[in-house]
Amino acid sequence: GDTGSVSDADADADADADADADADADPDPGLLEFQIESDTAIAGESVGFTVAWVTDDESVPVDEFSLTSDVETPLSSSDDSVMPTMAGVHLLNVVATDVSGVEQTAGATLTVDAGALSVLAVGVSPVTVAAGTAATYEVVGEDLYGNAVDVSAAVVDVTEGASIGDGNAL
């Protein structure tokens, strides 16, 4: 009779069954990875990025995800680039759901600087100044998106009778 010993054929069958069970197990969904091409940007210029599921064996692009900024809502983006318009340090977050149904988040920091000078304004106080009375002025600059642009090096030259009218024209 059978004494409980396992034949070589039985052992092989058990090993094959174990291998099949491992193959049927849920694949490793990987970790969500978010990489931006640069950690600095200029307001209004696109910065490329990638979003992928990363395992020990591979990196697979993510098909569906959401991308947000803690500074700018809504944030202009596509499947592979983002175009922030507000200057400042943005914490960008990507959220995606893996094949196991688990929501994962990944983040990156992007420092956005103001774009080129688009608007230059001079404010004078008081508006009307009598001869011999002092007036103060402030020069401010903004980019196309309303971000402050450094104009501290601006040279102001005021001649007698000068006025600043609509559109900052003299």
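Because only heavy atoms are used, hydrogens play no part in the values below, and waters and symmetry mates are left out as well, while side chains stay in. Residue numbers run from 1 in the order of the sequence given.
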For Leu32 and Asp98: C-alpha separation, side-chain torsions, deciding distance, then whether side chain to side chain contact (heavy atoms under 4.5 Å, CB included) applies. CA-CA 8 Å; Leu32 183 63; Asp98 66 26; over 6 Å; no

Return the minimal non-hydrogen interatomic distance between Trp53 and Gly30, and the atom names on each side. CE3-O, 4.0 Å

Would you say that Phe34 contacts Thr105 through its side chain, given a criterion of any heavy-atom pair below 4.5 Å between the two side chains? no

Under the side-chain contact (heavy atoms from CB on, under 4.5 Å) test, residues paired with Ile42 that sit two or more places apart: Glu45, Asp113

What do the steps show when you test Gln104 against Val95 for side chain to side chain contact (heavy atoms under 4.5 Å, CB included), and what is the final call? CA-CA 6 Å; Gln104 293 191 34; Val95 178; over 6 Å; no

Answer with yes or no whether the hydrophobic clustering places Ile36 together with Phe65; edges join I, L, V, M, F, W, Y residues whose side-chain heavy atoms lie under 4.5 Å apart. yes

Rounded to the nearest 0.5 Å, how far apart are OG1 of Thr50 and CD of Glu33? 6.5 Å

Going by heavy atoms in the side chains, are Asn93 and Leu67 under 4.5 Å from each other? no

Can you find a heavy atom in the side chain of Leu92 that is under 4.5 Å from one in the side chain of Thr68? no

Closest heavy-atom pair and its distance - Leu110, Ala41: CD1-CB, 4.0 Å

N/O donor-acceptor pair under 3.5 Å between Thr55 side chain and Asp57 backbone: yes

So if you build clusters from Ile, Leu, Val, Met, Phe, Trp, Tyr with side-chain heavy-atom gaps below 4.5 Å, do Val149 and Tyr137 land together? yes

Keeping Asp70 on the side-chain end and His90 on the backbone end, is there a donor-acceptor pair under 3.5 Å? no

Identify every side-chain donor-acceptor pair in residues 115-136 under 3.5 Å, counting partners at least two apart or on other chains, and give the distances.
| residue | atom | partner | partner atom | Å |
| --- | --- | --- | --- | --- |
| Thr133 | OG1 | Ala130 | O | 3.3 |
| Thr136 | OG1 | Ser125 | O | 3.4 |

Could you give the side-chain donor-acceptor pairs of residues 74-88 under 3.5 Å, partners two or more places apart or in another chain?
| residue | atom | partner | partner atom | Å |
| --- | --- | --- | --- | --- |
| Ser78 | OG | Asp80 | N | 3.3 |
| Ser78 | OG | Asp80 | OD1 | 3.2 |
| Ser78 | OG | Ser81 | N | 3.2 |
| Ser78 | OG | Ser81 | OG | 3.1 |
| Thr85 | OG1 | Glu72 | OE2 | 2.7 |

